[in-house]
There are 2 protein chains.
Amino acid sequence: MTSGLFRRQGYHATGIKQIVEAANAPFGSIYHFFPGGKEEIGAQVIRSSGTLYLRLIEAILDSQPNVVAGARAFFEGAAAQLVATDYVDACPIATVALEVASTNDTLRQATDEVFELWIGATSDRFAAAGIDVARARELAVFALAALEGAFVISRAARDPEAVLAAGREVAVAVQAALPARRPRRPRHPSPTTRE
Amino acid sequence: MTSGLFRRQGYHATGIKQIVEAANAPFGSIYHFFPGGKEEIGAQVIRSSGTLYLRLIEAILDSQPNVVAGARAFFEGAAAQLVATDYVDACPIATVALEVASTNDTLRQATDEVFELWIGATSDRFAAAGIDVARARELAVFALAALEGAFVISRAARDPEAVLAAGREVAVAVQAALPARRPRRPRHPSPTTRE
DNA sequence: GTCTATAGAAGGATAGAC
DNA sequence: GTCTATCCTTCTATAGAC
């Protein structure tokens, strides 16, 4: 799995030989399938890890009764995963994203597309929970930012504290953005409440 | 300035020859001053950029009348700086931090110390504003995480949106953590707020 | 199309003249 | 202590046998 190498050590520290070895693939075929060389492999890895992680985001968010619990579950799961994998298994593309942001526009665009994918999926779920669309996107961008940065700090500190702290704040922000819950049995019959 | 190279392209993509050239330093002297080679240079760069950025954090936070305005000013300034520098000038050590987190424990520790430095300075100011010490640290960790992650996304997207969104949420969270301000001349003697 | 061998460049590190 | 030249390794990429 090449995505594991990128996740663990980044783009520049990962060699093509290391990639083919890890993939149990023949070395000579690499440039036959990826004429663009390492850059094309990188773009492919970014996009495929991106869609894989998207599935994870969707699965966890949709496994919870509401978006607040979903956010909480995601961050808590991420923290547990960090600890369980010795602080290796965080974001699959963040390291590469920072490495290439100012040096390789092709790969930069690939990381941008992946982040947008994740933001879109999250934003959709926030909007479906009744949050205004613009605010839903803002919250989704914020939630991803908090997660990514918490990964940086938690990996450096080898401590899940940052991911857990970020998760709590994100959950609070999402909760606050939800529309006021309609009481089940309204005490005053208001003209707007009907079903 | 070597820190600029690390900030821009990371640790692995920066060569020693590139470093001495950028520093206008004699190549032969490098291993005289840094017997540890590239790793020792890396640790030095991480720590010196760390203290430099600490000064910036302190200067901006202390230039504002309160911590909420300070947080806002910092994120807005960071967003403006990103745009002004073509999305190069974000965190000086984040790229390196992710690259080395699972591959080089010496450098990992250096990045950890720098993050702790920044968290401590921020936390102190939150606590001085009357926030409970434990909560102040939690907020500082969260604020740094939001900033770091927003940098990742903003650089990838070449758009300050993420940094600005993160700044707004951090400001709200800090505001909410402040002790209730005593009104100067309460209009209603009642304890609850009415309008 | 798969693989071996290798080219060509760049990386980190060192030796030794001065 | 400063610098030049160079060693050895590793990297990406390609050529050519089969």
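Below, chain A is the first sequence line, B the second, and so on; all start at residue 1.
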| field | ring pair (Phe, Tyr, Trp, His ring centres under 6.0 Å) pairs, two or more places apart, involving residues 78-123 of chain A | value |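 Those involving residues 78-123 of chain A are Y53(A)-W118(A), F115(A)-W118(A).
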
| Starting at the 5' end of DNA chain C and moving along, which residue's nearest nucleotide shows up first, K17(B) or K17(A)? |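 Closer to the 5' end of DNA chain C: K17(A).
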
| request: Kindly state which residues belonging to residues 28-38 of chain B come within less than 4.0 angstrom of DNA chain C, counting heavy atoms of the residue only, listed by number. | output: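 Nucleic-acid contacts, sorted: Y31(B), G37(B), K38(B).
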
| Counting only non-hydrogen atoms, which of residues 4-14 of chain B are less than 4.0 Å from DNA chain C? |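 Contacting residues: T14(B).
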
Are [X] and [Y] close enough for a salt bridge, meaning some N to O gap below 4.0 Å?
| X | Y | result |
| --- | --- | --- |
| D62(A) | R125(A) | yes |
| R135(B) | E169(A) | yes |
| R108(B) | E99(B) | no |
| R168(B) | E76(B) | no |

| field | Shared hydrophobic cluster, L164(B) / V141(A) (ILVMFWY, side-chain heavy atoms < 4.5 Å) | value |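 No: no chain of side-chain contacts under 4.5 Å links L164(B) to V141(A).
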
| Hey, is the main chain of I60(A) close enough, under 3.5 Å, to the side chain of S63(A) for a donor-acceptor pair? |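 Flag set: sc S63(A) to bb I60(A) pair under 3.5 Å.
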
| message | Under the rule for side-chain contact (heavy atoms from CB on, under 4.5 Å), what residues qualify as partners of S154(B), not counting sequence neighbours? | response |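 L82(B), A162(B), V163(B).
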
| field | Distance in angstrom units between E39(B) CD and dA13(C) C1', rounded | value |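 Rounding to the nearest Å, CD of E39(B) and C1' of dA13(C) are 14 Å apart.
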
| field | ring pair (Phe, Tyr, Trp, His ring centres under 6.0 Å) partners for Y11(A), two or more places apart | value |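 Testing Y11(A) for ring pair (Phe, Tyr, Trp, His ring centres under 6.0 Å), a comparison that skips the adjacent residues, returns F6(A).
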
| request: For the pair D112(A) and R158(B), evaluate salt bridge (charged side-chain N to carboxylate O under 4.0 Å, His left out) and give the outcome as yes or no after the intermediate values. | output: CA-CA 9 Å; D112(A) 181 29; R158(B) 301 181 62 79; over 6 Å; no

| Interface limits on DNA chain D, where chain A has a heavy atom under 4.0 Å of a nucleotide atom |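 Reading along DNA chain D, I get dC11(D) to dT14(D).
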
